[in-house]
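Each remark here refers to the structure printed beneath this line.
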Protein chains: 2
Amino acid sequence: MARPTMEDVAARAGVSRALVSLVMRGSPKVSERRRQAVLDAAAELDYAPHAMARSLASRTSTLLGVLVSDLHNPFFAEIVDGLDEVARAEGFELIINTGGLDPERERDAVGRLLSFRPAGLALLGAAVPSADIADAARRLPVVVVARPARIARVGTVNDDGRLGARLAVDHLVDVGHTRITHFDGGRTTEARIRRDGYAAAMRAHGLEPDVIRSEYTDAGGEKAAARLLERGGELPTAVVAANDVNAVGALSTFADAGLAVPDDISVVGYDNTALSALRRIALTTVDQPRAEMGQLAARALVRRAQAGRGKPERRLVTPSLVVRSTTAPPRR
Amino acid sequence: MARPTMEDVAARAGVSRALVSLVMRGSPKVSERRRQAVLDAAAELDYAPHAMARSLASRTSTLLGVLVSDLHNPFFAEIVDGLDEVARAEGFELIINTGGLDPERERDAVGRLLSFRPAGLALLGAAVPSADIADAARRLPVVVVARPARIARVGTVNDDGRLGARLAVDHLVDVGHTRITHFDGGRTTEARIRRDGYAAAMRAHGLEPDVIRSEYTDAGGEKAAARLLERGGELPTAVVAANDVNAVGALSTFADAGLAVPDDISVVGYDNTALSALRRIALTTVDQPRAEMGQLAARALVRRAQAGRGKPERRLVTPSLVVRSTTAPPRR
DNA sequence: ATTGTTGATTAGAGCGCTCTAATTTGGAGC
DNA sequence: GCTCCAAATTAGAGCGCTCTAATCAACAAT
């Protein structure tokens, strides 16, 4: 059960502990003969360096703290995939906590992550109070992903939600729609940006914006669609939903009401999660490059961790439209 | 940037380092007066213990290593949620790596996790060679989740796939089906168990099993359905799919072929992922209690980590049927 | 005052490693 | 053989903490 230490390897190889350390770190200033001896001894003992001891002694860390608001949401899971990919390549490990969008719990989670003195901290769509983020950013590189924020020393990675919303509107206008309603994502900054983008795009086409308050869930989409139907008056011919699950909720309600999609009404989602690609759903949607966002975040942290200092970047990735089967010219 | 150490707190509070250590660990044998002094000093300096130093000195760890084959799959993400919940409650943190079902890469990932000397290791649906798992199990508590395995000293948490498959078949037979085809999940042990469960259940009802080789993906479901249609002869009236995404793939193909679900053909999924609950999909499926599986795994690790020794458990959780709208009596 | 006794506090070693500075080695050059 | 020098190796301190054993304080009992 007790694993061998560097001391054991040194004894077996007939060298000093320091030499074993050099070999383990791949130092070039070790003679070939000794290196082999050490490597052999290590292999015989099945030795592997103790990452924590190493970290403590070298005052460096190969840990990246990650706080995910909701792992269960595939959107974040795919960002974590991107983080993981870069972390692996750069020799870092992810230490993950979830926050569940509860500020108190998220503060605690951040504190626990920081107690490991990680090399950097990534917050994915988290609701941690800005003041705490700022505090953390004084001690280590921090990057906030999928939540627009301007906090001193804090890097961000977001998609250009304004552009994304415009892509959706432009596409619908292109195929002939003029009455386009937006189901929004609620009170978050991200939702506000998309909503503003939608409104600006509508006005640019000389059209009247029409927003129904909603949220980033399946049920939210159902309710918003129901409200739209109850509202009376002329129905829009297209809907720009808050995100993919919201769109799928709307799809359900429209189907129940006997409305055909896309013939009676077109629907555009947002995120391009795996969900939208299912042929059964085939949702036209705005792609957010999630893996890329995760990669950018990880690279930013690694870079700043290694460079000692370095100013945080605010990255805006470019969304793109993916046209599937839920949009078509309006029936005239 | 340099965080205060226990030494700093001790100096400020006018006590020894050891006393600060006791206070930080909530020891009862500290006078109230000193405790307050230490707590105040710690607060003033914004001190927080260094988890790695603590871990090194105490020869214990509050890290649980987690290897996820595919985080992007919501099934695993929800298991991680369960792990995270228990870990948080018990004062542990998760250190996560993904393996992508590539045995070589997974071996490496396990090695990296072990270099942190975690208190336990959870493998979620991973493809790590059994020999490596056995090796790891010699050094620390290991639990394999969602992958039936019998390895010395290794705990497991799985659902009873045989029962799950039977639930699906029984339900279909109950509502009147007799020609029921299974799209299987390929070569994995889990898939074999479900396949055997399906076949046994069919025979128990005096029916002939009929399996089409498939896999745990959307595309796999589409292909299997296509093969079924091309095969000619009388079509089955129901399909037990490998899992939810496989079922959704089948749904798409059936829709394209003009087959109505559930009127022309019933479909049952497996897993009860969020996907199946979408009203647009409303898939009848077998629920695997994923969060519970994660919780059980975490608890098993924590228990064994704290108990020193302790024999690994093999837990079998009970799946249950969730009837939605893709199953109905066959048309006669 | 002296002696116990119990509870509170601390000294000091050590966890497994890295890092700096010092020492040793092995030739090259004479 | 001897000197010098660069390359190879090592001694030893120290990272921030915990743990054991020893010391100290306070107070009741004699």
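Being a predicted model, the structure only gives us computed values, none of them experimental. First the proteins, then the strands, lettered A, B, ... as listed; each starts at 1.
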Measure across [X] and [Y] and return the closest heavy-atom pair with its distance rounded to 0.1 Å.
X	Y	result
A:Leu63	A:Phe116	CD2-CB, 4.1 Å
B:Ala119	B:Pro141	O-CD, 3.2 Å
B:Gly125	B:Leu101	O-CD2, 3.5 Å

Going 5' to 3' along DNA chain D, which nucleotides are the first and last within contact of chain A (any atom under 4.0 Å from a heavy atom)?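 Reading along DNA chain D, I get D:dA8 to D:dG16.
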
Hey, is the main chain of [Y] close enough, under 3.5 Å, to the side chain of [X] for a donor-acceptor pair?
X	Y	result
A:Arg35	A:Ser27	yes
A:Ser58	A:Arg54	yes
A:Arg25	A:Val23	no
A:Asp271	A:Thr273	no

List the atom pairs, with distances to 0.1 Å, where a side-chain N or O of residues 89-98 of chain B and a protein N or O form a donor-acceptor pair under 3.5 Å, not counting sequence neighbours.
residue: B:Glu93; atom: OE1; partner: A:Asn97; partner atom: ND2; Å: 3.1
residue: B:Glu93; atom: OE2; partner: A:Arg112; partner atom: NE; Å: 2.7
residue: B:Glu93; atom: OE2; partner: A:Arg112; partner atom: NH2; Å: 2.9
residue: B:Asn97; atom: ND2; partner: A:Glu93; partner atom: OE1; Å: 3.1
residue: B:Thr98; atom: OG1; partner: A:Asp84; partner atom: OD2; Å: 2.4
residue: B:Thr98; atom: OG1; partner: B:Arg105; partner atom: NH2; Å: 3.0

Tell me which donor-acceptor pairs under 3.5 Å the side chains of residues 293-301 of chain A have, and how far apart each pair is, sequence neighbours excluded?
residue: A:Gln295; atom: NE2; partner: A:Glu85; partner atom: OE1; Å: 3.2

Atom pair OG1/CZ of B:Thr189 and B:Arg147 - distance to nearest 0.5 Å: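 Nearest 0.5 Å value for the OG1-CZ distance: 7.0 Å.
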
Side chain to side chain contact (heavy atoms under 4.5 Å, CB included) against A:Thr318, all qualifying residues, sequence neighbours excluded: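 So A:Thr318 forms a side chain to side chain contact (heavy atoms under 4.5 Å, CB included) with A:Leu163.
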
For A:Ala126, give me all partners under side chain to side chain contact (heavy atoms under 4.5 Å, CB included), at least two apart in sequence or on another chain.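 Result, side chain to side chain contact (heavy atoms under 4.5 Å, CB included) vs A:Ala126: A:Leu67, A:Glu106, A:Leu123, A:Val128.
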
At 4.0 Å (heavy atoms only), tell me whether A:Arg34 reaches a base, stays on the sugar-phosphate, or touches nothing.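 If one applies the 4.0 Å heavy-atom cut-off, A:Arg34 turns out to touch the sugar-phosphate alone, with no base involved.
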
Does anything in residues 18-33 of chain B come within less than 4.0 Å of DNA chain D? Heavy atoms only, and list the residues if so.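 Within residues 18-33 of chain B, the residues near DNA chain D are B:Ala18, B:Ser21, B:Arg25.
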
Kindly state which residues belonging to residues 39-63 of chain B come within less than 4.0 angstrom of DNA chain D, counting heavy atoms of the residue only, listed by number.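 DNA chain D contact set from residues 39-63 of chain B: B:Tyr47, B:Pro49, B:His50, B:Ala53, B:Arg54, B:Ala57, B:Ser58.
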
Please round to 10 degrees the angle between the axis of the first five pairs and the axis of the last five pairs in the helix from C:dA1-D:dT30 to C:dC30-D:dG1.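 Answer for the end axes of this duplex: 50°.
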
Which donor-acceptor pairs under 3.5 Å do side chains of residues 36-46 of chain B form with protein atoms, sequence neighbours excluded?
residue: B:Glu44; atom: OE1; partner: B:Arg12; partner atom: NE; Å: 2.5
residue: B:Glu44; atom: OE1; partner: B:Arg12; partner atom: NH2; Å: 2.8
residue: B:Asp46; atom: OD2; partner: A:Arg139; partner atom: NH1; Å: 2.8

Quick one: side chain to side chain donor-acceptor pair (under 3.5 Å) pairs with a partner in residues 118-134 of chain B, sequence neighbours left out?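 As it turns out, the side chain to side chain donor-acceptor pair (under 3.5 Å) pairs with a partner in residues 118-134 of chain B, which skip direct neighbours, are B:Arg107-B:Asp132.
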
I need the full list of side chain to side chain donor-acceptor pair (under 3.5 Å) pairs touching residues 61-70 of chain B, with sequence neighbours left out, sorted by first then second residue.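 Residue pairs passing side chain to side chain donor-acceptor pair (under 3.5 Å), neighbours aside: none found.
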
Do any of residues 109-118 of chain A sit with a heavy atom less than 4.0 Å from DNA chain C, and if so which?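 Contacting residues: none.
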
